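Computed from heavy atoms alone, side chains included, the values below leave out hydrogens, waters and symmetry copies. For this chain, numbers begin at 1 and follow the sequence in order. Quick caveat, the model's predicted, so the values are computed rather than measured.
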Amino acid sequence: MKKLIKEYVHCINALIPINSKESKEFIISLNKKIIRSYENCEIHNYTEMITKFGSPNEVAISYINGIEPEQIIKQLDKKKHLSFLMYTGIFAIILIGITGILKVNQEYEGAADSLLNIRIETTITENPIPQEGE
């Protein structure tokens, strides 16, 4: 039953669109109430938990209805800005990685070209062309 309580509370937490101190306190308080009800033998299964407390959707909606709209908008804006910063950071890391790979590739090609030139010069000096009087 404790696993069902955990899943129930997790589902409610996932449905609440803001992550604030108040919402965390609400979830903790709700979890304690449900566990107390279970320990006091007021609920014995998931159906009784739904009957007593409501479905996860109903609980989340009732919590959200109690929040000021300005607070919800403020929290959602924070999420939007954090998402933008996260995606910008990921893009920058990828760009830096690609630049580094290209630079290493250019250095490798330059080293390979110079190594090839050394081999050609060595071959030419080791096998001189015979001259006409020899």
Side-chain angles (χ1 to χ4, degrees):
M1 183 66 184
K2 290 198 176 190
K3 184 178 178 182
L4 290 175
I5 293 171
K6 186 177 181 179
E7 289 176 14
Y8 176 78
V9 172
H10 177 74
C11 186
I12 293 169
N13 193 29
L15 291 170
I16 296 175
I18 61 172
N19 191 12
S20 66
K21 182 180 176 185
E22 293 82 14
S23 66
K24 288 178 185 176
E25 289 173 355
F26 170 76
I27 293 296
I28 290 169
S29 172
L30 178 66
N31 192 39
K32 287 179 182 178
K33 285 179 187 176
I34 296 170
I35 290 174
R36 245 184 277 124
S37 294
Y38 172 68
E39 289 171 349
N40 294 336
C41 297
E42 296 173 14
I43 56 173
H44 301 94
N45 56 41
Y46 190 78
T47 306
E48 290 177 359
M49 186 169 40
I50 298 293
T51 303
K52 181 167 175 110
F53 295 99
S55 72
N57 288 342
E58 293 169 344
V59 176
I61 288 170
S62 72
Y63 176 76
I64 293 167
N65 285 337
I67 300 174
E68 302 261 344
E70 293 81 21
Q71 185 181 4
I72 294 173
I73 292 170
K74 182 179 174 183
Q75 290 291 328
L76 292 176
D77 281 345
K78 282 183 185 178
K79 280 186 176 183
K80 188 170 115 179
H81 292 304
L82 288 174
S83 294
F84 175 76
L85 289 174
M86 182 183 69
Y87 288 124
T88 303
I90 290 171
F91 177 74
I93 290 169
I94 291 171
L95 190 62
I96 290 168
I98 290 172
T99 304
I101 291 170
L102 290 175
K103 185 174 180 179
V104 168
N105 187 37
Q106 286 176 343
E107 290 175 5
Y108 174 77
E109 287 178 356
D113 288 344
S114 65
L115 186 60
L116 183 62
N117 288 340
I118 291 171
R119 286 184 186 158
I120 290 172
E121 290 174 10
T122 305
T123 306
I124 291 173
T125 54
E126 289 177 359
N127 300 323
I129 299 173
Q131 302 221 350
E132 286 183 27
E134 295 179 25

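Screening Asn13, Ile12, Val9 against Asn31 for a side chain to side chain contact (heavy atoms under 4.5 Å, CB included) leaves a single residue, Val9.
Put simply, the side chain of Phe84 reaches to within 4.5 Å of the side chain of Thr88, judged on heavy atoms.
Ring planes of Tyr8 and Tyr46: perpendicular class, angle over 60° (limits at 30 and 60°).
Under a 3.5 Å cut-off, the side chain of Ser29 and the backbone N or O of Glu25 do not form any donor-acceptor pair. At distances below 3.5 Å, not a single donor-acceptor pair connects side-chain atoms of Glu107 with backbone N or O atoms of Val104. Under the 3.5 Å distance criterion, the side-chain polar atoms of Asn105 are left unmatched by any main-chain donor or acceptor of Ile101.
Under a hydrophobic clustering in which Ile, Leu, Val, Met, Phe, Trp and Tyr are joined whenever their side-chain heavy atoms come within less than 4.5 Å, directly or via other members, Leu85 and Ile96 fall into different clusters. Cluster membership check: Leu15 does not share its hydrophobic cluster with Ile5, using side-chain heavy-atom separations under 4.5 Å among Ile, Leu, Val, Met, Phe, Trp and Tyr. Linking ILVMFWY residues whenever their side-chain heavy atoms come closer than 4.5 Å, directly or via other members, places Ile35 and Val59 in the same cluster.
Residue His44 qualifies as enclosed at atom NE2: its count of foreign heavy atoms under 6.0 Å is above 12.
In this structure, CD on Gln106 lies 6.5 Å from CG on Leu102, to the nearest 0.5 angstrom. Put simply, OG1 on Thr51 and CG on Asn45 are 8.0 Å apart, with the number rounded to the nearest 0.5 Å. Separating the CD atom in Glu58 from the CZ atom in Phe53 is a distance of 13.0 Å, to the nearest 0.5 Å. Rounding to the nearest 0.5 angstrom, the gap separating the CE atom in Met86 from the NE2 atom in His81 is 14.5 Å. Taking CG of Leu95 as the reference point, atom CD1 of Ile90 lies at 13.5 Å (rounded to 0.5 Å). For the atom pair CG (Leu4) and NZ (Lys6), the distance works out to 12.0 Å, reported to the nearest 0.5 Å.
When the ring-ring contact (aromatic ring centres under 6.0 Å, His included) test is applied to Tyr63, the partners found at least two apart in sequence or on another chain are Phe26.
Considering every non-hydrogen atom in both Glu48 and Glu42, the closest pair reads OE1-O, 4.0 Å.
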